[in-house]
Amino acid sequence: MIRVKYFASLRERMNRGEDQIEVSGDQLTLADVLARLTLPDGQTLQLLSLAETMMLSVNHEMVDIDHVVKGGDEIGIFPPVTGG
Amino acid sequence: MIRVKYFASLRERMNRGEDQIEVSGDQLTLADVLARLTLPDGQTLQLLSLAETMMLSVNHEMVDIDHVVKGGDEIGIFPPVTGG
Amino acid sequence: MYARISVQTGDFSLDAVINELKQETKAVGGICSFTGCVRDINDGEDVSSLFLEHYPEMTEKQLAKILDTAEARFDLLGAIVIHRIGLLHPGENIVLVAAASAHRAAAFDACHFVMDYLKTQATFWKQEQRRDGGKSWLRMRESDEQATADWEAKKD
Amino acid sequence: MYARISVQTGDFSLDAVINELKQETKAVGGICSFTGCVRDINDGEDVSSLFLEHYPEMTEKQLAKILDTAEARFDLLGAIVIHRIGLLHPGENIVLVAAASAHRAAAFDACHFVMDYLKTQATFWKQEQRRDGGKSWLRMRESDEQATADWEAKKD
């Protein structure tokens, strides 16, 4: 099981704060995970990430889209940060 | 009459905070003024200024040693500043 | 190096932060601080409030990483980062970064460095609420990305 | 631009200064400040106190000139300079420069600029009193002269 958290405008567009996805024995990259997650209109996050910059984290560290995830990981998906 | 004020280490070395000097009709530069002012040991400020950096002001504006002074001016002579 | 990070809803006192950094060591010669606050106009829009969201488990970790990088790069004696979350109004404080050093150039550089990286690396998001009732999530500025890129280029 | 200069014996509050700059305009997005304080060790010597002398009629005029130059060069909304005089002990504040702008880069640059010029242009002198009883007037650091020269070189 992998927990996926959304923040800010992406959380609002997903209409939910998080998802949980099952992982099989296969090696799964973040790109694969994004292909499995869908917006309410059916569009995948993988498609959305081609049009808009998204930042990705695994276990609270920023990572790239080719990062390999494993069961128990917490993934964060969010728009570029705007604090300060 | 020209008023000359000394500050910090120079005030201590002059053993006085200020001097007054008479100005005749001649054009007087700050270099001329320094030649007229003497430390307690007889050394002129002109001589001292060759060995040590001194900052000069006329009427509270920083000026160069070739600045021409006139009666009523206030001259400041002091070591490089060290505030902040 | 003394370091403190706080993500909080309440306001902060800059005097208290300066004293905290000076308590640590009497070798401190200067403290540079940056206080960011809510402006009443942003990109031409009248702002009535800002809502600050963050990624709770991640934010402090990211800020700690930025302070570690600053400590390795600059001659620092201490640093404090405080960032507020929740609803904030024009004039209110959002963020404080303070960096203490024996000499001023390091304090200025480190404070600027931490603010620049916080802008592009720390997991905060601002939603602007306008006087006309509209709401929108702010976008990262290109100038902020450029500021971080400039520090990366200066690294060597 | 809002500007205030004070040469005073008493201490100052950074919180009060930040609020003063924010009162002037709600367009302020960031305030960079630098607080300089007395270190307990300077160039290897144990410092027991510093005595700050200045040229009363000239100091504020010089500081005003520095703020004018900063206003012409940076996108500033306000600036405050406070410098203490008299006898000060390790840990005590000496100087505060605060610069407010809509955006942070201008605030950082202006604050740093004013501090650098204050170091070489404002008529203050420090006499150091050491724990061994010795006293000496400090000398301007070459690094301070260099900092001003660097700003002059960057002017165009």
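No hydrogens, no waters, no symmetry mates; every other heavy atom, side chains included, goes into these values.
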Can you tell which part of A/Glu12 gets under 4.5 Å to a heavy atom of chain C, answering side chain, backbone, both or neither? side chain
Are C/Glu45 and C/Arg131 close enough for a salt bridge, meaning some N to O gap below 4.0 Å? no
Quick check on the 6.0 Å ring-centre criterion: do C/His112 and C/Phe34 meet it? no
If one checks every heavy atom of C/Thr123 against chain A at 4.5 Å, the contacting part turns out to be both
With a 4.5 angstrom heavy-atom cut-off, could you sort out which part of C/Glu53 is near chain A: side chain, backbone, both or neither? side chain
Between C/Tyr55 and A/His60 (judged by ring centroids, cut-off 6.0 Å), do the two rings come close enough to count as a pair? yes
When the 4.5 angstrom heavy-atom criterion is applied to C/Arg139 and chain A, the contacting part is backbone
Does any heavy atom of chain A fall under 4.5 Å from the side chain of C/Trp125, the backbone, both, or neither of them? both
Test item: C/Ser49 side-chain N/O and C/Leu88 main-chain N/O as donor-acceptor pair under 3.5 Å: no
Take A/Lys5 and C/Glu57 through the salt bridge (charged side-chain N to carboxylate O under 4.0 Å, His left out) test and state the conclusion after the steps. CA-CA 11 Å; A/Lys5 292 188 172 183; C/Glu57 301 85 353; 3.2 Å; yes
Contact part of C/Gln62 toward chain A, heavy-atom cut-off under 4.5 Å: side chain, backbone, both or neither? side chain
Please determine if A/Arg3 and A/Glu18 form a salt bridge, counting it only when a charged side-chain N lies under 4.0 Å from a carboxylate O. yes
Could you look at C/Lys119 and say if it's the side chain, the backbone, both or neither that has a heavy atom under 4.5 Å from chain A? both
